[in-house]
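Heads up, the thing below is written out as structure tokens.
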Amino acid sequence: MSLTNTILTQLTTKTVSFFVGNVKGLENLKFNGPRIIIANHSSYMDHFVILYLLKKQNPNQAIYFLTKKEAFEKPFSRWWHLSLNSISVDRRKNAMSSMMVLKDKLITEKAVVVI
């Protein structure tokens, strides 16, 4: 994990914890090993809350987000997404290359992939 990723992850999770507070029932979910989480993306806070919950349960596990290609077009947004392990996917083309990257992360790093 890069230093930038570590700093942004800690900043994000601490900010979200301030607003979310205590989460009950998290212990009922199994958070070991590789897994894919599919969120309904009902708000822009989804990524931040999911990152917070996953890091709260297992702080050392790598987390990757599948992110639309358009989010990488502006410099700050590109930096932000790359720093938080986002993987670009072009929704208008064949997304197989992005899926292969995600598969590699799941297998080699036993990471969490959020779609």
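Throughout, residue positions are numbered sequentially from 1 according to the sequence presented.
- Residue Leu51 comes nearest to Thr13 through the heavy atom pair O-CG2, 4.0 Å, listed as atom of the first residue, atom of the second, then distance.
- Put simply, Met99 and Ile38 are part of the same group of oily side chains (I, L, V, M, F, W, Y) that touch within less than 4.5 Å, one to the next.
- At a threshold of 4.5 Å between side-chain heavy atoms, the hydrophobic network of Ile, Leu, Val, Met, Phe, Trp and Tyr places Tyr52 and Trp80 in one connected group.
- Rounded to the nearest 0.5 angstrom, Lys14 NZ and Leu11 CG are separated by 9.5 Å.
- A 4.5 Å side-chain heavy-atom check between Leu53 and Gln57 finds every atom pair outside the cut-off.
- Going from atom CG of Leu84 over to atom CD1 of Ile63 covers 9.5 Å, rounded to the nearest 0.5 Å.
- Looking only at side-chain heavy atoms (C-beta outward), Lys55 and Thr9 come within less than 4.5 Å of each other.
- Note that the NZ atom of Lys69 and the OG atom of Ser98 stand 10.5 Å from one another [nearest 0.5 Å].
- Residues Ile36 and Phe65 do not share a hydrophobic cluster, defined by chaining ILVMFWY side chains whose heavy atoms lie under 4.5 Å apart.
- Contact between Ser83 and Thr4 at its shortest, heavy atoms only, is OG-CG2, 3.3 Å.
- Using a distance-only test at 3.5 Å, with no hydrogens or angles considered, no donor-acceptor pair links the side chain of Glu109 to the main chain of Ala62.
- Ile87 and Leu82 sit in two unconnected hydrophobic clusters of ILVMFWY residues. Membership requires side-chain heavy atoms under 4.5 Å apart, directly or through other members.
- Rounded to the nearest 0.5 Å, atoms CG (Leu54) and CG (Asn58) are 9.0 Å apart.
- Between Phe72 and Arg78, the closest heavy-atom pair is O-NH1, 2.8 Å.
- Side-chain atoms of Ser77 come within 3.5 Å of backbone atoms of Ala71 as a donor-acceptor pair (strictly under, hydrogens ignored).
- Using a 4.5 Å heavy-atom cutoff, the side chains of Val16 and Lys56 are not in contact.
- Within the model, atoms CG of Asp46 and CD1 of Ile37 stand 12.0 Å from one another, a figure rounded to the nearest 0.5 Å.
- A distance of 12.0 Å separates NE2 of His81 from NZ of Lys74, quoted to the nearest 0.5 Å.
- No single ILVMFWY cluster, assembled from side-chain heavy atoms under 4.5 Å apart, contains both Val114 and Leu102.
- Between Glu70 and Arg92 there is a salt bridge, since at least one side-chain N of the basic residue sits less than 4.0 Å from a carboxylate O of the acidic one.
- A heavy-atom distance below 4.5 Å is not found between the side chains of Tyr64 and Leu106.
- With a 4.5 Å cut-off on side-chain heavy atoms, Lys105 and Met100 do not count as touching.
- Judged by distance alone, with hydrogens and angles left aside, the side-chain atoms of Arg91 form no donor-acceptor pair with the main-chain N or O of Val89 at under 3.5 Å.
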